[in-house]
Amino acid sequence: MIKQISVLIENVPGQAYKPINVLSEAGIDVCAVSVGDTEDFGILRMITRDNGNAINVLKKAGFTVNLVDLIGVVVEDHPGGLANLLTVFEKENINIEYFYSFIPRKGEEAIMFFKVEEINAALDKLREHKVTLAETIPGVDKWG
Amino acid sequence: MTNYYEREFETLPREFLEKLQLERLQTLLEYVYEKCDFYHKKLDESSIKPADIKSLSDLKKLPFTTKQDLRDNYPYGMFSASMNDIVRVHASSGTTGKLTVAGYTQNDIDIWSAVMARSFTAGGCSHSSIINVAYGYGLFTGGLGAHYGSELLGALTIPASSGNTKRQLQMFKDFKVSTLCCTPSYALYLADEMEKEGYKISDFSLKQGFFGAEPWSEEMRTQIQERLGIKAYNIYGLSEIIGPGVSIECEHQCGAHIWEDHFLPEIIDPETLEPLKNGEQGELVFTTISKTGMPLIRYRTRDLCSLIEEPCECGRTHIRMTRIIGRSDDMLIIGGVNVFPSQIESALFSVKEIEPHYMIIVDRVNNLDKIEIQVEIKDELFSDEVKNLQNLKNLLEKNVSSAISISAKIHFVSRGTIERSQGKAVRVIDKRRI
């Protein structure tokens, strides 16, 4: 499982910059980002190289923060890689809340992050299908 | 040339007016002492007998009545008349979700219609007027109060009620409406829509308007008068006392004449509760001296203003009140609806995800009042999923709107965004320039 930090932001200009800047000043590397938004608020979702520290500095800066588990799956970076994977989700009827990707370098294997309803059941099913799960992502050695 | 609806009462010399007031007050006290358990007990507790009130200056010996008394005796406990004689109720929203109820006998409806007819006449209306009542019809007193007064006057009465602005404008033009009754903010909204729809003032036959149910200013009057090409009169009232028509400005627009043969005004210091002199600013208090359904003794309106005793050029001898300049409690009047911050607070706190920090922001956008509530959410319950937060937002908006009867927009903000105050928490920012 991969840990993700979520931060509540208002949907006004400059709001995504603030938490990212807090992390930057603390020297924390953000490796993947995604945003979910409505017309007046947004949720900034991030995977960092130091989640424990990231949460501390964000809370100290006054942000509303939480930590959730995502499924990380290794996907080959070529046409059809993602489609093959999503077929499994479809077959097993795993409901995806949202997903996004992390591509370390061109040509290397990408990692997709999935937020699902029942993570443990979903992990079991993915294992049955011999999906390669990412327990960690390159360069991340500390977990929050 | 001033026109009156009931000249003898409206121009009654002060000496006779005060004699009439005392007679009516004494009769009323005997009546409520006998008929209303609440007042019987209240006068006994204050060791006052109706016969102790020998002059108008004895009024200050009587105990006050508050909105809380009305809530505690919900729904019918404040009525003096027997239930068979009550022909109507009106109600306004209260802090506890309970309505503040007012009961009327036929006598009260007749008085109300008459003071409204006097009020229309004071603003230049007559039986040849065409009066468009754009106050809401229903539990709110605005619509029906204006309606009955207009009919009694013999004017052509259009029960338009509020909303459907395009149709209202069409009626103004086609029905040759002369007179508009609505909230001042709606009048300005109508002016905006008029311009948008391409109407000119000359398309209409508007002459005057009667605006109230929310605080407004001289600047708003100037705007309404210029943009609608009418004279704009400030009309005041509250359902507990009777509804609109407690006081009205005459053609001189120099303070609103209180119909003193029915409603006895006082100004008190809201802290010490001591009566203040005419001209001094304080809380307006009314004793109804002719109503029979739910007469009230020294009812604290919470509205702040002062009384003007200098004679008015119109010849009416009834004292005038200034515009309401504020409230002695934290009640907000938003789009004509009474809203207490505590109502919003309890609606918010019924949802466990909410931090105890919130800010109510009231603003007037395109002349319509809007409420936005900024709330902070607890970390543990903050979700990374948009739909969860959206559901929470919808739930809060639903809870708040049903508590205050008008829609409010919820805006999530980060923890710490809302200023933590050292002393008394500031929970409301009113950006309306009234």
Side-chain angles (χ1 to χ4, degrees), chain A residues 1-12 14-22 32-47 51 54-71 95-100 113-119 144, chain B residues 344 348-349 351-363 365-366 370-401 407-422 425-426 429 431:
Chain A
M1 282 186 284
I2 305 286
K3 299 277 181 193
Q4 169 194 270
I5 295 174
S6 319
V7 180
L8 175 67
I9 52 176
E10 289 171 58
N11 196 353
V12 287
Q15 292 300 301
Y17 163 78
K18 288 182 184 171
I20 298 282
N21 186 51
V22 164
V33 175
S34 128
V35 174
D37 71 316
T38 69
E39 63 172 29
D40 72 336
F41 66 85
I43 301 165
L44 180 67
R45 306 172 184 128
M46 298 178 286
I47 292 169
N51 284 333
I55 286 186
N56 282 341
V57 296
L58 286 169
K59 281 196 171 181
K60 216 172 266 175
F63 290 98
T64 304
V65 183
N66 84 350
L67 195 64
V68 291
D69 292 321
L70 303 185
I71 295 176
N95 189 25
I96 303 171
E97 303 290 349
Y98 57 82
F99 66 102
Y100 56 105
F113 306 110
F114 293 89
K115 175 68 190 290
V116 297
E117 268 170 8
E118 289 175 37
I119 190 160
Chain B
I344 294 176
L348 291 178
F349 292 176
V351 176
K352 64 183 187 316
E353 282 88 347
I354 297 308
E355 288 264 14
H357 301 289
Y358 66 92
M359 184 66 82
I360 300 164
I361 297 167
V362 189
D363 204 353
V365 181
N366 295 327
K370 304 267 182 223
I371 307 187
E372 179 188 292
I373 303 157
Q374 295 187 340
V375 292
E376 296 186 5
I377 344 178
K378 291 178 179 154
D379 276 349
E380 316 84 78
L381 295 151
F382 160 58
S383 169
D384 58 308
E385 289 174 29
V386 168
K387 75 166 182 229
N388 292 351
L389 284 188
Q390 192 65 49
N391 287 344
L392 179 61
K393 181 173 140 93
N394 293 346
L395 174 68
L396 288 169
E397 287 181 347
K398 193 173 133 262
N399 282 2
V400 170
S401 302
S407 66
K409 193 167 150 47
I410 297 288
H411 188 70
F412 291 132
V413 294
S414 292
R415 214 156 33 86
T417 305
I418 293 160
E419 209 174 310
R420 312 295 197 251
S421 68
Q422 303 299 317
V426 177
I429 297 174
K431 294 180 172 171

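Side-chain atoms are counted along with the backbone in the values below, which use heavy atoms only and exclude waters and symmetry mates. By convention in this document, chain letters (A, B, ...) are assigned in the order of the sequence lines, proteins followed by strands, and residues within each chain are numbered from 1.
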Between [X] and chain B, which part of the residue has a heavy atom less than 4.5 Å away: side chain, backbone, both or neither?
X	result
Y98(A)	side chain
Q15(A)	neither
N11(A)	neither

F349(B): which residues meet the side chain to side chain contact (heavy atoms under 4.5 Å, CB included) condition with it, sequence neighbours left out?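 Testing F349(B) for side chain to side chain contact (heavy atoms under 4.5 Å, CB included), a comparison that skips the adjacent residues, returns E345(B), I354(B), P356(B), Y358(B).
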
Out of G36(A), G42(A), G62(A), return the one with the most heavy atom pairs under 4.5 angstrom to chain B.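 Between G36(A), G42(A), G62(A), the count favours G62(A).
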
Just give me the residue among L44(A), I5(A), V65(A) that pairs up with chain B most often, heavy atom to heavy atom, under 4.5 Å.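 The candidate making the most pairs under 4.5 Å is V65(A).
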
Go through the steps to decide whether T38(A) and L389(B) satisfy the test side chain to side chain contact (heavy atoms under 4.5 Å, CB included), and finish with yes or no. CA-CA 10 Å; T38(A) 69; L389(B) 284 188; over 6 Å; no

Closest heavy-atom contact between [X] and [Y]?
X	Y	value
L8(A)	F382(B)	N-CZ, 3.3 Å
D384(B)	N66(A)	N-ND2, 4.1 Å
K393(B)	F41(A)	CD-CE2, 3.9 Å
K387(B)	E97(A)	NZ-OE1, 2.9 Å

Backbone N/O of H411(B) and side chain of D40(A): donor-acceptor pair under 3.5 Å: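 Judged by distance alone, no pair lies under 3.5 Å.
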
With a 4.5 angstrom heavy-atom cut-off, which part of I410(B) approaches chain A: side chain, backbone, both or neither?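 When you check distances to chain A, only backbone atoms of I410(B) fall under 4.5 Å.
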
Taking everything shown except K18(A) itself, do over 12 heavy atoms lie less than 6.0 Å from its NZ?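 No - once you tally the heavy atoms of other residues, nucleotides and ligands closer than 6.0 Å, there are 12 at most.
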
